[in-house]
Colleague: 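Input: one structure, supplied below.
This is a predicted model, so every value here is computed, not measured.
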Amino acid sequence: MFNDPVMLSRLLTGLTLAFHIIFATIGVGVPLMVLAAEYIGIKRKDSDYILLARRWTRGYIVTVAVGVVTGTAIGLQLSLLWPSLMQVAGQTIALPLFMETFAFFFEAIFLGIYLYTWDRFKNPWLHWLIGIPVVIGATLSAFFITTVNSFMNSPEGFKIVNGTLTQIEPLKAMFNTATPTKATHVIVSAYLTVAFILAAIAAFHLLRKKTLSAAETAYHKKALRLTVMAGLIFAFSTALVGDFSGKYLAKYQPEKLAAAEWHFETTSEAELIFGGILDEQEDGSYEIKGAIKIPYALSILAGGAPDTEVIGLNEFAKEDQAPLFVHYFFDIMVSIGMYLAAISALFVLAFRLKKLNPYNKWLLRGIFIGGPLAIVSIEAGWMYAEIGRQPWTLYGIMRTADAATTSTAVGPMLILFSLLYLLLGTICTVVLLRMFKNNPVGKELADDHHSRGEAMFADDNK
């Protein structure tokens with residue numbers, strides 16, 4: 001394996017994407033939560049929400065810096081590790097790659113203005129309006145780069161004549177068949193993940209309530225309510241988009257869905273397989289053991305009706321089938337999504353009923369666990385998406401083995417980039433911990449920053 005440039009290229013690209021996706025997700029979701037907190041703060045004349053927006057923005061700046069480095073690494077690795085892919089498809093996907101860069105600079109410019117203009121407007125709504133382009137830029141950045149991945153799953157907008165791409169239509173390539181479901185799923189799941197990361201931070205502090213003042217407790221409760229309620233909306237939105245994604249796979253990439261569900265024989269009234277292990281028989285077939293089987297669920301996922309016929313994996317040649325362990329990534333993604341929806345719904349229900357305590361320690365622990373689980377779900381989702389497309393880099397056109405470099409220098413690159421990501425991860429963690437440790441909420445609730453936040457509404461209150 002360590003002498004195989006194809007495998008090493010896959011490992012390095014996978015490592016880069018696994019590391020980058022954390023910061024990319026935060027980069028997409030945090031601006032929206034900041035904008036929501038500032039909106040509520042201005043609307044309700046509540047300086048606690050203004051402080052929430054300030055503190056989330058500070059952490060966001062650090063993660064953006066790391067995301068820029070890892071995003072640049074991905075662009076570099078596309079050219080170095082996958083030269084055949086870029087030679088064949090580079091002209092076709094050049095537009096979304098350029099637009100992603102444009103969206104990032106658009107976001108960065110307004111982010112700089114947003115940071116500089118805190119407390120500089122008599123009317124706080126003017127500052128809030130500057131945050132809207134930041135949200136738009138972050139979301140568009142995710143959209144454009146996801147269209148590149150969508151193109152790899154659904155290559156469109158060109159013709160191949162004698163091995164050469166001709167009649168290229170960049171817009172058709174960018175807005176391919178996979179783009180609506182994939183881009184929406186990526187963006188909404190990023191919002192969901194960030195909502196639960198921020199909710200986990202608030203829950204963590206509330207679990208230590210013996211050390212909190214009344215003002216600090218009120219602050220973290222507001223943070224928890226905002227983030228969990230947002231999480232509930234995005235959890236059900238993600239589930240809805242995931243249903244559309246299942247129907248897309250059933251129609252356009254049936255072998256990928258079949259691999260995820262260990263569905264070997266084409267049949268209607270297909271059951272959904274959760275968990276379990278595969279036992280390979282002497283004739284090459286598989287027996288599924290220890291799995292939970294949900295009747296009709298796979299047919300409903302694939303076509304919306306119990307009698308929908310779902311194509312089985314045996315319809316495809318062995319060399320065109322994805323590794324069957326992608327089943328576990330699919331299960332992890334779906335299970336965590338259901339957990340996040342359930343725990344957020346439970347909190348909102350307890351909060352609305354009034355008779356129940358939404359801040360009891362067991363519910364807080366459940367929300368706290370949801371933060372890291374949401375990140376795991378993002379990772380599992382991307383692993384399923386990328387490994388499930390194998391053996392294709394460009395689905396149906398170019399195999400991964402034909403797209404990778406033949407260079408012998410990939411091994412040292414893997415080591416160097418692994419050390420880089422370890423260093424970046426360590427620095428980011430240390431900086432964030434020290435930043436908030438040196439500026440605890442209790443201190444900021446009483447310092448000049450928070451006082452200025454209250455001063456924003458002084459004239460209105462008079």
Colleague: For the residue pair F325 and F329, does the interplanar ring angle fall in the parallel (under 30°), tilted (30 to 60°) or perpendicular (over 60°) class?
Modeller: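 Taking F329 first and then F325, their aromatic rings stand perpendicular (interplane angle over 60°).
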Colleague: For the pair T13 (side chain) and R10 (backbone), establish whether a donor and an acceptor sit closer than 3.5 Å, ignoring hydrogens and angles.
Modeller: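 Checked: no pair found.
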Colleague: Restricting to side-chain hydrogen bond (donor to acceptor under 3.5 Å, both in side chains), what partner residues turn up for E107, sequence neighbours left out?
Modeller: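 Residues passing side-chain hydrogen bond (donor to acceptor under 3.5 Å, both in side chains) with E107: Y60.
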Colleague: Within the distance-only criterion (no hydrogens, no angle test), does the side chain of W128 pair as donor or acceptor with the backbone N or O of L35 below 3.5 angstrom?
Modeller: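 Checking the backbone N and O of L35 against the side chain of W128, a donor-acceptor pair under 3.5 Å is found.
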Colleague: State, yes or no, whether a side-chain contact exists between L272 and E261 at a heavy-atom distance under 4.5 Å.
Modeller: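 Yes, side chains in contact.
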Colleague: Test your reading of the model: is there a side-chain donor-acceptor pair from H263 to the backbone of V310, 3.5 Å cut-off?
Modeller: yes
Colleague: Check whether any side-chain N or O of T426 sits under 3.5 Å from a backbone N or O of L422 as a donor-acceptor pair, and report yes or no.
Modeller: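 Looks like yes, one N/O pair under 3.5 Å.
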Colleague: Is there a donor-acceptor contact under 3.5 Å from the side chain of H327 to the main chain of A260?
Modeller: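 Such a contact is found between H327 side chain and A260 backbone.
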Colleague: State, with a plain yes or no, whether a side-chain heavy atom of E386 is found less than 4.5 Å away from one of N149.
Modeller: yes
Colleague: Donor-acceptor check, side chain of S299 to backbone of A270, threshold 3.5 angstrom: yes or no?
Modeller: yes
Colleague: Distance-only, no hydrogens or angles: does the Q321 side chain make a donor-acceptor pair with backbone N or O of L313 under 3.5 Å?
Modeller: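 The answer is yes, because a donor-acceptor pair under 3.5 Å joins these two groups.
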Colleague: My understanding is that only residues two or more places apart in sequence, or in another chain, count here; which of them pass side-chain hydrogen bond (donor to acceptor under 3.5 Å, both in side chains) with Y328?
Modeller: none
Colleague: Do D279 side-chain atoms and E287 backbone N/O form a donor-acceptor pair below 3.5 Å?
Modeller: no
Colleague: Within the distance-only criterion (no hydrogens, no angle test), does the side chain of N176 pair as donor or acceptor with the backbone N or O of A173 below 3.5 angstrom?
Modeller: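 Yes: the side chain of N176 pairs with the backbone of A173.
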Colleague: Show the nearest heavy-atom pair for residues L52 and K222, with the distance to one decimal.
Modeller: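 That would be CD1-C, 4.5 Å.
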Colleague: Give a yes or no on whether M435 atom CE has more than 12 heavy-atom contacts from other residues, nucleotides or ligands under 6.0 Å away.
Modeller: yes
Colleague: Which heavy atom of L129 sits nearest to which heavy atom of P133, and what is that distance?
Modeller: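 Of all heavy-atom pairs spanning L129 and P133, the closest is O-CD, 3.2 Å.
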Colleague: Any idea which heavy atoms bring Y339 and G370 closest together, and the distance?
Modeller: CE2-CA, 4.1 Å
Colleague: Is there side-chain contact between L363 and Y359, with at least one heavy-atom pair below 4.5 Å?
Modeller: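 Sidechains of Y359 and L363: no contact.
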Colleague: Might you point out which heavy atoms bring P5 and T405 nearest each other, and give the distance in Å?
Modeller: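 Closest approach of P5 to T405, heavy atoms only: CB-O, 3.4 Å.
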Colleague: Taking the six-membered ring for Trp, are Y248 and F244 closer than 6.0 Å centroid to centroid?
Modeller: no
Colleague: Let's go through S154 and E156 carefully: what are the C-alpha distance in whole Å and the side-chain angles of both, what is the deciding distance for side-chain hydrogen bond (donor to acceptor under 3.5 Å, both in side chains) to 0.1 Å, and is it a yes or a no?
Modeller: CA-CA 6 Å; S154 181; E156 300 172 21; 2.6 Å; yes
Colleague: Give me the one residue out of L232, L226, L224 that meets side chain to side chain contact (heavy atoms under 4.5 Å, CB included) with V228.
Modeller: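 Result for side chain to side chain contact (heavy atoms under 4.5 Å, CB included) with V228: L224.
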Colleague: With no hydrogens and no angle check, just 3.5 Å: does a side-chain donor-acceptor pair link T267 and E309?
Modeller: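 Per modelled atom types, T267 and E309 side chains form no pair under 3.5 Å.
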Colleague: For the residue pair L364 and F204, establish whether any side-chain heavy-atom pair is separated by less than 4.5 Å.
Modeller: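 No - every pair of side-chain heavy atoms lies 4.5 Å or more apart.
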Colleague: Tell me if a side-chain donor or acceptor on K247 pairs with a main-chain N or O of I300 at a distance below 3.5 Å.
Modeller: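 Yes; judged by distance alone, with no hydrogens or angles, the pair exists.
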Colleague: Under a plain distance cut-off of 3.5 Å, with no hydrogens placed, do R389 and Y384 share a side-chain donor-acceptor pair?
Modeller: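 R389 and Y384 do not have a side-chain donor-acceptor pair below 3.5 Å.
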Colleague: Is it true that S141 and E100 share a donor-acceptor pair across their side chains at a distance under 3.5 Å?
Modeller: yes
Colleague: Between M229 and F351, is any pair of side-chain heavy atoms under 4.5 Å apart?
Modeller: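 They are in side-chain contact.
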Colleague: Tell me, yes or no, whether the heavy-atom count around Q91 atom CD, taken from other residues, nucleotides or ligands under 6.0 Å, exceeds 12.
Modeller: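 Counting other residues, nucleotides and ligands, CD of Q91 stays at 12 neighbours or fewer.
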Colleague: Find out whether Y421 and T70 are in side-chain contact, i.e. whether some heavy atom of one side chain is under 4.5 Å from a heavy atom of the other.
Modeller: yes
Colleague: If you count heavy atoms of other groups shown closer than 6.0 angstrom to OH of Y395, is the number above 12?
Modeller: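 Count over threshold, so yes.
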Colleague: A side-chain contact here means heavy atoms from C-beta on lying under 4.5 Å apart; do Y191 and T238 qualify?
Modeller: no
Colleague: Once rounded to the nearest 0.5 Å, what's the spacing between atom OG1 of T139 and atom CZ of F144?
Modeller: 11.0 Å
Colleague: Would you say F106 has more than 12 foreign heavy atoms packed within less than 6.0 Å of its CZ?
Modeller: yes
Colleague: Determine the interplanar angle of the F175 and F143 rings, folded into 0 to 90°, and report it as parallel if under 30°, tilted if 30 to 60°, perpendicular if over 60°.
Modeller: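 Tilted: the ring planes of F175 and F143 meet at 30° to 60°.
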Colleague: Look up atom CG in L340 and atom OG in S377, then write down how far apart they are to the nearest 0.5 Å.
Modeller: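 Taking CG in L340 and OG in S377, the distance rounds to 6.5 Å.
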Colleague: State, with a plain yes or no, whether a side-chain heavy atom of I201 is found less than 4.5 Å away from one of F436.
Modeller: no
Colleague: Supply the atom-to-atom distance I130 CD1 to E38 CD, rounded to the nearest 0.5 angstrom.
Modeller: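 Rounded to the nearest 0.5 Å, the CD1-CD separation comes to 9.0 Å.
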Colleague: Should the heavy atoms of other residues, nucleotides or ligands under 6.0 Å from CD of Q87 be counted, would the total exceed 12?
Modeller: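 It does not: Q87 CD has 12 such atoms or fewer within range.
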Colleague: How far apart are the C-alpha atoms of F196 and T227, what are their side-chain angles, what is the distance that settles it, and do they pass the side-chain contact (heavy atoms from CB on, under 4.5 Å) test?
Modeller: CA-CA 7 Å; F196 264 91; T227 53; over 6 Å; no
Colleague: Decide if the gap between the ring center of Y286 and the ring center of W262 is smaller than 6.0 angstrom.
Modeller: no
Colleague: For residues T393 and T400, is any side-chain donor paired with an opposing acceptor at under 3.5 Å?
Modeller: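 Result is yes, a qualifying pair exists.
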